[in-house]
Amino acid sequence: MIGFGSSDVSSMTAIVFSGLQPTGTLHIGNYFGAVQNFVKLQTQYKCYYAIVDYHAITVEHDPEELRRNTLEMGMDLLACGLDPRQCVLFVQSQVPEHTELAWILSAVTSYGDLQRMTQFKEKGEGQEFVSCGLFTYPVLQAADILAYKASKVPVGEDQVQHIELTRRIARRFNSRFGETFPEPEVLLSEALRIMSPAEPTRKMSKSLGPKHYIAITESEDSIREKIKTAVTDIGPRPDTNEKSPGVANLFLLLKLTAPKEIYDQFEDDYARGVLKYEPLKRAVADYLVKTLEPIRARRAQLKEAEVREILIEGARTARAVARRTLEEVRERIGVGRVVL
RNA sequence: AGGCCCGUAGCUCAACUGGCAGAGCAGCCGACUCCAAAUCGGCAGGUUGGGGGUUCGAAUCCUCCCGGGCCUGCCA
């Protein structure tokens with residue numbers, strides 16, 4: 001059998017790619033929603049994880065902040081358990097093949113398809129300046145994935161549309177220039193959406209403000225404060241047994257961090273209508289702090305220099321693969337050869 | 001390349017003919033609450049995009065610069 005992703009000769013296992021924007025420090029929504037899954041995947045597949053700094057520049061940004069966030073993101077990911085011996089962790093801009101491939105792919109990307117991307121519409125909404133880069137963002141994302149001929153892409157619901165576009169791009173390239181890329185499929189993990197404690201109808205996000213997220217490296221006091229002030233409701237509703245968004249969010253966090261017996265006890269209290277939220281919150285905070293403790297400890301031990309070294313090494317490995325893909329792609333589309 | 005419009009608190013905007021830079025939301029503190037939310041009370045928030053000029057006095061008028069939007073033209 002000849003696999004499409006055969007540029008990695010060392011194994012027959014599927015190739016996974018995922019990119020993370022360097023948004024600064026990771027929060028527990030990122031952790032439980034995605035990163036924890038990445039940690040699991042690295043033992044099962046050949047995984048490439050990129051900190052996508054070129055994506056971050058499509059909206060207004062501060063250079064110093066981006067620089068710091070990129071490194072911070074690397075440190076947070078390592079603290080969460082990504083292991084450079086098991087996966088390839090690198091910074092996107094260190095592998096220029098991404099942007100080169102993006103340009104090439106833009107030639108087989110439909111303008112109409114891009115216009116239909118809802119994320120572009122959402123992110124551009126209300127912005128006084130909308131860059132071209134924001135518009136072509138999904139093409140770079142396709143390049144990220146296809147540069148490694150990845151066949152599986154673990155992403156959230158909101159990114160499914162972009163992966164669909166990647167498939168269309170891959171398909172069009174293949175049919176025009178010959179079979180080159182696999183059509184990557186979405187690796188949907190159990191869809192975990194941690195909500196903002198302050199506004200539990202919205203997904204946890206840094207951009208909403210400090211009250212709306214809990215960083216994985218947050219101090220114990222701060223975690224307790226944010227859980228304590230988390231929005232709840234008037235009290236349990238045993239009649240419908242339906243939790244309000246805020247309470248459901250607290251239960252979700254408890255489920256993710258506490259022993260089953262503890263969780264069941266609170267569920268039972270809720271069902272019987274005798275649950276007081278104060279003790280629930282205390283338990284959630286306790287177990288959350290406990291869960292994050294090893295991450296915090298690991299994070300505290302990481303040295304910047306050592307992390308930089310890991311990222312450099314990751315980029316070296318990634319680049320070797322991406323370069324082979326680009327050689328093949330250039331050959332197929334008929335560029336470069338004449339002057340070699 | 002030419003024309004028109006805009007820039008005020010984190011956000012949305014107000015400030016007469018040139019006369020003390022303000023409100024709502026967000027934020028912070030407190031009361032209430034099992035904890036919260038809502039509500040109520042309080043606090044804080046500014047190089048009015050930047051430089052120069054006119055004036056007793058400029059967010060307001062003039063000028064240059066920066067940033068942004070719209071229209072027309074030119075080139076490919």
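Each chain gets a letter, A, B and so on, in the order its sequence line appears, and its residues count up from 1.
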_Interatomic distance at P, B:rC64 relative to B:rC5, whole Å_ = 15 Å
*Could you give the NZ-to-P distance, from A:Lys226 to B:rG27, as a whole number of Å?*
13 Å
*Scan every strand shown for a Watson-Crick or G-U wobble partner of B:rG24, both distances under 3.5 Å, and answer none if you come up empty.*
B:rC11
*Between A:Gly235 and A:Ala198, which is nearer to the 5' end of RNA chain B once each is assigned its nearest nucleotide?*
A:Gly235
*Please give the nucleotide sitting opposite B:rG30 as a Watson-Crick or G-U wobble pair, both distances under 3.5 Å, or none.*
B:rC40
*Whole-Å distance between B:rC35 P and A:Leu253 CG?*
21 Å
*Please check if A:Leu256 and A:Ile223 belong to a single hydrophobic cluster, counting links between Ile, Leu, Val, Met, Phe, Trp and Tyr side chain heavy atoms closer than 4.5 Å.*
yes
*asked:* Output the rounded distance in Å from CD1 (A:Ile227) to P (B:rC34).
replied: 20 Å
_Atom-to-atom span, CG of A:Asp269 to P of B:rC34 - whole angstrom_ = 17 Å
*Decide whether A:Thr70 and A:Asp53 meet the rule of one side-chain donor and one side-chain acceptor closer than 3.5 Å.*
no
*Has the side chain of A:Lys276 got a donor or acceptor that lies under 3.5 Å from a partner of the other kind on the base of B:rC34?*
no
*How close do A:Tyr270 and A:Val247 get, heavy atom to heavy atom, and via which atoms?*
CE1-CG1, 4.1 Å
*What interatomic distance, in whole Å, is found between P of B:rG52 and the corresponding atom of B:rC40?*
46 Å
_B:rC62 and B:rG24, which share atom name P, separated by this distance in whole Å_ = 33 Å
*asked:* What contact category does A:Lys228 fall into here, base, sugar-phosphate, or nothing, at under 4.0 angstrom with non-hydrogen atoms?
replied: sugar-phosphate
_Can you check the distance between B:rA23 and B:rU63, where both ends of the measurement are the C1' atom (answer in whole Å)?_
33 Å
*B:rA38 P sits how many Å from A:Ile234 CD1, rounded?*
12 Å
*asked:* Which nucleotide, if any, forms a Watson-Crick or G-U wobble pair with B:rC4, using both distances under 3.5 Å?
replied: B:rG69
*Is the closest basic N to carboxylate O distance between A:Lys243 and A:Asp233 below 4.0 Å?*
no
*Rounded C1' spacing from B:rU60 to B:rU54 in Å*: 13 Å
*Using the C1' atom as the reference point in each nucleotide, state the distance between B:rG45 and B:rC25 in Å, no decimals.*
13 Å
*A:His55: ring pair (Phe, Tyr, Trp, His ring centres under 6.0 Å) partners, not counting sequence neighbours*: A:Tyr137
*Determine the Euclidean distance between corresponding C1' atoms of B:rU8 and B:rG68; express it in Å to zero decimal places.*
16 Å
*Rounded to the nearest angstrom, tell me the gap between atom CD in A:Glu199 and atom C1' in B:rG27.*
14 Å
*Looking only at atom C1', what distance separates B:rA76 and B:rG7, rounded to whole Å?*
34 Å
*Under 4.0 angstrom between A:Lys211 side-chain N/O and B:rG27 OP1 or OP2*: yes
*Check the distance between B:rG27's P and A:His212's NE2 and give it to me in whole angstrom.*
6 Å
_Whole angstrom value for the distance that separates C1' of B:rC34 from CG of A:Leu275_ = 10 Å
*Closest nucleotide among B:rC34, B:rA37, B:rC35 to the A:Val231 side chain*: B:rA37
_Less than 4.0 angstrom from a charged side-chain N to a carboxylate O is my criterion; do A:Glu72 and A:Arg67 meet it?_
no
